[in-house]
Engineer: 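Dropping a structure here in structure tokens format, bear with me for questions.
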Number of protein chains: 2
Amino acid sequence: MPAGSIDRRVARTRSRLQQALFRLTTENGYTAITVEDICREADVGRSTFYTHYPDKDCLRKATIDEHIKSLQAPGAERHSQRNAKGFSFSGPVFEHAHATREMHRALMGGKKREMPEEIRGWISRQVRNELANIQGDEGGGRLEIATRFIVGAFFEVMHWWLETDTKLSPAEIDQIFRQLAFNGVNAVFAEPTRIE
Amino acid sequence: MPAGSIDRRVARTRSRLQQALFRLTTENGYTAITVEDICREADVGRSTFYTHYPDKDCLRKATIDEHIKSLQAPGAERHSQRNAKGFSFSGPVFEHAHATREMHRALMGGKKREMPEEIRGWISRQVRNELANIQGDEGGGRLEIATRFIVGAFFEVMHWWLETDTKLSPAEIDQIFRQLAFNGVNAVFAEPTRIE
DNA sequence: TATGATATTGGACACTGTGTCCAGTATCAG
DNA sequence: CTGATACTGGACACAGTGTCCAATATCATA
């Protein structure tokens, strides 16, 4: 057996488990799911589960990591949008979330926000890079604070957009988000009040 | 027995359970705690727990509700700050969080954000009201989106501020937050790029 | 202080889910 | 075909939940 390749049976089992996880997460949210549920849905023996993943969280982490990696493969076109006004990350992510709406609705968690740390970290890195680009890196905690600010706002807006049956297109919600992020609520609403 | 009053024993038991919950949450985070842990820490029989609360979540909800209510009692001074620039909610909340830092660190959840829905809802109402005030209520989903945007940003900045051993005072972090919220990252960093 | 009402207690119970282990069986690659 | 590897179901010990009950401690008040 070639060292790098994977036994068909292994690939089949893991794929089944990961897809079962997605289906179930969509229905009841992540925390409510049990390992037994996943195995039943995947039609895989429970003892088999534990030969692949030590627990439920590891299955989720592995699943998400693979998913993110598959997104990064055609990495070129993300840079090509760099000089669009504002962030380059938000548009593609809104688009991607829209395309696989059910899966992301599941990822965000229904009422309860269960956004896994892998995704939050990935987005955070994007934001930090882009913010560092548009400023002169003045040191201080400003960059970190702004990053947190934007990431928190982004996930919350995304969550609302996925939960609500809104007519807003990915491009529209992205435009609103970027306007809020760059120009603040004063630019969106009336009577600007400068804060210094 | 007068209908409205509460038996000393009941008050004592509930108080013990609530304080035990806070102590334990500070240590390991909310989800890791078991009902048994709480009872051991509170020195209360486990069966007694269930005569007061149906489960762990209800204890948390009740505890938080009472805490919020006690904050709203001297409600006047919150309105008095209304005409400060920007939000009136953020400053007091930063101050309060700073005063009872440990407790809020616990509430936010260590790495894992476990912010209970009661608090999020309470803050959301504040933000929605204040945003509705500074704009002409132009209908559309704009108000809701902006509310989500601000609430998400606020919790994330608060989380960072509580987790990190930063020297920033409540007033300082509040000032930065409000500037980001009202004027956007462009106002904080260099080379403003208008987004329309 | 005596007393009836009510709260608390520990222990037992059934239940669900976890994670480990193993021997038997099915499937793989060469 | 065959040796290697993966899958399987079932058993196990364990931890935590939520319910119930009879015995005991504490309460409010007459």
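When reading the values below, keep in mind they use all heavy atoms of this one structure, side chains included, and skip hydrogens, waters and symmetry mates. Order of the sequence lines fixes the chain letters, A, B, ..., with proteins taken first and strands second; residue numbering starts at 1 for each chain.
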Engineer: In plain terms, say whether R14(B) and E66(B) are close enough for a salt bridge, that is, a side-chain N and a carboxylate O under 4.0 Å apart.
Structural biologist: no
Engineer: Supply the atom-to-atom distance D37(B) CG to R46(B) CZ, rounded to the nearest 0.5 angstrom.
Structural biologist: 11.5 Å
Engineer: Looking for any heavy atom pair under 4.0 Å, which part of the strands does T34(A) touch: base, sugar-phosphate only, or nothing?
Structural biologist: sugar-phosphate
Engineer: Rounded to the Å, how far apart are N28(A) CG and dG17(C) P?
Structural biologist: 12 Å
Engineer: dG18(D) P sits how many Å from D55(B) CG, rounded?
Structural biologist: 5 Å
Engineer: Can you measure R8(B) atom CZ to dT6(C) atom C1' for me and round it to whole angstrom units?
Structural biologist: 14 Å
Engineer: Using the six-membered ring wherever Trp is involved, compare the ring planes of F94(B) and W161(B) and label them parallel, tilted or perpendicular (cut-offs 30° and 60°).
Structural biologist: perpendicular
Engineer: Within the structure, does a side-chain N or O atom of S47(B) lie under 4.0 Å from either OP1 or OP2 of dT9(C)?
Structural biologist: no
Engineer: Before accepting this row, confirm whether a basic side-chain N of the pair K61(B)/D57(B) lies closer than 4.0 Å to the acidic partner's carboxylate O.
Structural biologist: no
Engineer: Does the structure place the NZ or CZ of K56(B) under 6.0 Å from the centre of the six-membered ring of Y30(B), at an angle of no more than 45° from the ring's axis?
Structural biologist: yes
Engineer: Do Y53(A) and Q18(A) have side-chain heavy atoms sitting under 4.5 Å apart?
Structural biologist: yes
Engineer: Measure the distance from CZ on R12(B) to C1' on dA25(D) and round it to the nearest whole Å.
Structural biologist: 10 Å
Engineer: Rounded to the nearest Å, what distance is computed from the CG atom of residue L59(A) to the C1' atom of nucleotide dG19(C)?
Structural biologist: 15 Å
Engineer: Answer with base, sugar-phosphate or nothing: what part of the nucleic acid does R9(B) contact at a heavy-atom distance below 4.0 Å?
Structural biologist: base
Engineer: Is there a side-chain contact between H52(A) and the phosphate of dA6(D), meaning an N or O under 4.0 Å from OP1 or OP2?
Structural biologist: no
Engineer: I'd like to know whether W160(A) forms a side-chain contact (heavy atoms from CB on, under 4.5 Å) with T147(B), so could you lay out the CA-CA distance, the side-chain angles of the two residues, the decisive distance to 0.1 Å, and finally the verdict.
Structural biologist: CA-CA 10 Å; W160(A) 173 85; T147(B) 301; over 6 Å; no
Engineer: Hey, is the side chain of T48(A) poking within less than 4.0 Å of OP1 or OP2 on dA6(D), counting only N and O atoms?
Structural biologist: no
Engineer: Quantify the bending of the helix from dT1(C)-dA30(D) to dG30(C)-dC1(D) as the angle between its end axes, each fitted on five pairs, to 10°.
Structural biologist: 40°
Engineer: Partners of H52(A) by ring pair (Phe, Tyr, Trp, His ring centres under 6.0 Å), sequence neighbours excluded?
Structural biologist: none
Engineer: At under 4.0 Å, does any side-chain N or O of Y50(A) touch on OP1 or OP2 of dG19(C)?
Structural biologist: yes
Engineer: Quickly work out the E36(B) CD to dG18(D) P distance and round it to whole Å.
Structural biologist: 11 Å
Engineer: How long is the line joining CZ of R16(B) and C1' of dT8(C), in whole Å?
Structural biologist: 11 Å
Engineer: With a 6.0 Å cut-off on ring centres, are F87(B) and F182(B) close enough?
Structural biologist: yes
Engineer: Please give, in whole Å, the distance from dG11(C) P to R46(B) CZ?
Structural biologist: 12 Å
Engineer: What residues in residues 37-44 of chain B put a non-hydrogen atom under 4.0 Å from any atom of DNA chain D?
Structural biologist: none
